[in-house]
Amino acid sequence: MKVVIVGGVAGGASAAARLRRLNEEAQIAVFERSGYVSYANCGLPYYVGGEIAEREALTLQTPASFRARFNIDVRVRHEVTSIDRARKCVRVRDLESGREFEETYDKLVLSPGARPVVPPLPGIDGKNIFTLRTVEDALRIRAFVDANRPAAATVVGGGFIGLEMAENLAGRGVRVTLVEKMEQLLSPLDADMAAFVHAKFRAAGVALRLGCGVTGFEQDGAQVVTHVENGPALKADLVVLAIGVAPDSGLARDAGLKTGARGSILVDEHMRTSDPDIYAVGDAVQVTNGVTGQPALIALAGPANKQGRVAADNICGLDSVYRASWGSSVVKLFDMTAASTGLNERAAKATGLDYGKVVLSPASHASYYPGGKAMTMKVLYEKGSLRILGAQIAGFDGVDKRIDVLATAMQSGLSAIGLKDLDLAYAPPYSSAKDPVNMAGFMIENLETGKVKQFHYEDMDSLPENITRLDVRTPAEYAIGHAEGFVNIPVDELRARLAEIDPARPVYVMCQSALRSYIACRILSQHGYDCYNFSGGYRFYEANRNDRFREDVNTSCGASAR
């Protein structure tokens, strides 16, 4: 059996290695048009910033190491230009010599990945305007930064690559302006969670131009001028385009293979295309969204690696399937971490799901153990079925492990209330006896069993007139900052001061993290008051309203059970 693989990196390299592990006799050839067959694509921004010092660290496998360990013929700087399905061969161009030749196959695996979106804007082909997809791109950007010591950079795009490039350029002393057409950064997050990202970047000195599309570029001597909507032009020494990616599916389309969303390659659960002898994996293929069951494009390294393995299994006669992608992701943002899995609110609304949500601000570990920091978690669940729809977290320590627990719970079908029963590891330096994931389950149970009602940040500007607005934090906390119209009665004084609260009016309660306000609501509701707890607490409100938040843990909350 002869297998030809088009493209390396995640999906193609994974398929090649798995094929060899399953079949020692197969003839395997990999053609990669860049100069590197298997590299840490997600590490490229950190090489530009110097966090990854040596370029060799980016290379996971080389043609020589593939040959030595797996007996695989890997040829870099070779581009497959066409597929002849009838003759079962591909046409290949050696990009170094220009020589073209044909290579036959029994089975073909396409792993072309995704290409950076480069819109046809005026001046976009000017010098010092970069994209970042390959090792060669990273080498060019780092060489420019090393040689020119730029004072200013403009990064266009507020997704993963844009944020990581902004962070790493800022870390090298470059003054960075980040331009994003949406009103927020990091689209997997909802706007209210992205507020923490905005506050962190601004605090780190990165200027944000949100809701601001780019209209073109212009050279001004050695600098690049970026023209934008709704504001003055930006002058910088370099521009990095990170607008997004699109499936690099031209080869498949030209060969007559069926395509799906945004021109992606259509595959079945075995990663087989419309041609039974051709498979496709990675960022160029259409997948199924694990929450909605709808077609989706999810360009992440984890799914690509797993898809490569599935394709190899089926080529070798195993019955292996790739069922869905859930979009689990995590990103480092200076000393902060943001992560998400499943659906956000925008996606849930667009799908027409009847959902509920909780927002909480727990500590990363036991509050009495030094060094704990607050994180903000948002968990979405479907009303009625109580299935988990998605989660988002912004914080510092422990964000990654909580999003992984939530992703696992969601994918395994655990109910949202079932989160409270998870038996998770605890020691004071790592967690609390009631882990933040457990806390989310407690909160959802309280909501669904009627023990508490809540209101959200988006409700703040449209609250009813005839209500009592109550802040139950300490007077010192209240003095530092509070929401307009909220009067202060500390929760520990509430029972003695009930006479100050009109029982005929609904009471809307806020505290720092929504824990003390929950306790206040339990007190008030048992005394006949109609009470609503503000989800997320004042910390959440402050991040959204005032573009700042406290990173430390507020130990005034106490350790009361939900």
Side-chain angles (χ1 to χ4, degrees), residues 9 32-60 62 76-77 95-96 113 115-119 121-180 201 204-209 214 216-228 232-245 331-334:
V9 194
E32 166 60 46
R33 65 185 165 198
S34 78
Y36 300 84
V37 64
S38 180
Y39 56 88
N41 189 285
C42 298
L44 298 180
Y46 301 101
Y47 175 75
V48 173
E51 289 291 320
I52 298 174
E54 303 298 330
R55 60 190 285 181
E56 290 77 13
L58 296 172
T59 306
L60 305 178
T62 66
V76 296
R77 300 288 295 156
L95 298 179
E96 297 291 347
R115 64 182 186 279
V117 172
V118 182
L121 296 174
I124 201 163
D125 295 326
K127 66 177 184 178
N128 303 347
I129 300 177
F130 301 91
T131 59
L132 182 60
R133 180 194 183 194
T134 66
V135 172
E136 288 90 343
D137 294 334
L139 296 177
R140 281 191 290 270
I141 299 173
R142 178 157 165 175
F144 178 88
V145 174
D146 289 345
N148 296 280
R149 303 293 179 187
T154 300
V155 177
V156 183
F160 296 118
I161 296 297
L163 296 183
E164 289 168 347
M165 281 303 305
E167 174 193 349
N168 279 279
L169 288 170
R172 297 201 57 177
V174 182
R175 187 175 69 256
V176 179
T177 300
L178 185 53
V179 181
E180 168 55 50
F201 269 71
V206 176
L208 302 183
R209 297 284 292 272
V214 172
F217 303 92
E218 182 182 355
Q219 287 296 139
D220 183 3
Q223 293 189 304
V224 183
V225 178
T226 303
H227 295 283
V228 297
L234 302 167
K235 185 179 289 189
D237 302 299
L238 77 156
V239 172
V240 179
L241 299 177
I243 299 172
V245 296
V331 60
K332 173 184 174 294
L333 307 169
F334 297 97

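Please read all numbers here as calculations on a predicted model, not as lab measurements.
When the side chain to side chain contact (heavy atoms under 4.5 Å, CB included) test is applied to Val331, the partners found at least two apart in sequence or on another chain are Phe160, Glu164, Leu186, Leu333, Ala338. Under the salt bridge (Lys or Arg N to Asp or Glu O under 4.0 Å) criterion, Arg209 pairs with no residue, sequence neighbours left out. Partners of Lys127 according to the salt bridge (Lys or Arg N to Asp or Glu O under 4.0 Å) rule, which considers only residues two or more places apart in sequence or in another chain, do not exist here. For Arg172, the salt bridge (Lys or Arg N to Asp or Glu O under 4.0 Å) partners are Asp146, not counting sequence neighbours. With sequence neighbours left out, the ring pair (Phe, Tyr, Trp, His ring centres under 6.0 Å) criterion links Phe130 to Phe144. Shown here are the side chain to side chain contact (heavy atoms under 4.5 Å, CB included) partners of Pro122, two or more places apart in sequence or in another chain: there are none. Evaluation of the ring pair (Phe, Tyr, Trp, His ring centres under 6.0 Å) rule for Phe334 yields Phe201 as partners, not counting sequence neighbours. Under the salt bridge (Lys or Arg N to Asp or Glu O under 4.0 Å) criterion, Arg149 pairs with no residue, sequence neighbours left out. Residues that satisfy the side-chain hydrogen bond (donor to acceptor under 3.5 Å, both in side chains) test with Arg115, not counting sequence neighbours, are absent from this structure.
Separation of atoms CG (Leu169) and OG1 (Thr154) is listed at 10.5 Å; rounding is to 0.5 Å. The distance from atom OG1 of Thr131 to atom CD1 of Ile243, rounded to the nearest 0.5 Å, is 10.0 Å.
Taking all atoms of both residues into account, the shortest heavy-atom contact from Ala233 to Val225 is CB-CG1, 3.6 Å. Here the closest non-hydrogen pair linking Ala170 and Val206 is CB-CG2, 4.3 Å. Here the closest heavy-atom approach between residue Leu132 and residue Ile161 is recorded as CD2-CG2, 4.2 Å. For the residue pair Ile129 and Gly123, the shortest heavy atom distance occurs at CD1-O, 3.4 Å.
Atom CZ of Arg175 sits in a sparse spot, with 12 or fewer heavy atoms from other residues, nucleotides or ligands closer than 6.0 Å.
Counting only residues at least two apart or in different chains, salt bridge (Lys or Arg N to Asp or Glu O under 4.0 Å) contacts with residues 129-141 comprise Arg133-Asp248, Asp137-Arg140.
The shortest side-chain heavy-atom distance between Ser34 and Val135 does not fall under the 4.5 Å cut-off. You'll find the side chain of Asn168 stays beyond 4.5 Å of the side chain of Tyr47, heavy atoms only. Put simply, the side chain of Val224 reaches to within 4.5 Å of the side chain of Gln219, judged on heavy atoms. Considering only heavy atoms from C-beta on, Leu163 stays 4.5 Å or farther from Val155 through its side chain.
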Could you tabulate the donor-acceptor pairs under 3.5 Å formed by side-chain atoms of residues 234-242, not counting sequence neighbours?
unit_1: Lys235; atom_1: NZ; unit_2: Asp220; atom_2: OD2; d: 2.7
unit_1: Asp237; atom_1: OD1; unit_2: Gln223; atom_2: NE2; d: 3.2
unit_1: Asp237; atom_1: OD2; unit_2: Ala151; atom_2: N; d: 2.8
unit_1: Asp237; atom_1: OD2; unit_2: Ala152; atom_2: N; d: 3.0

What pairs of donor and acceptor atoms, side-chain ones from residues 48-58 against any protein atom, are under 3.5 angstrom apart with sequence neighbours left out?
unit_1: Arg55; atom_1: NH2; unit_2: Tyr36; atom_2: OH; d: 2.6

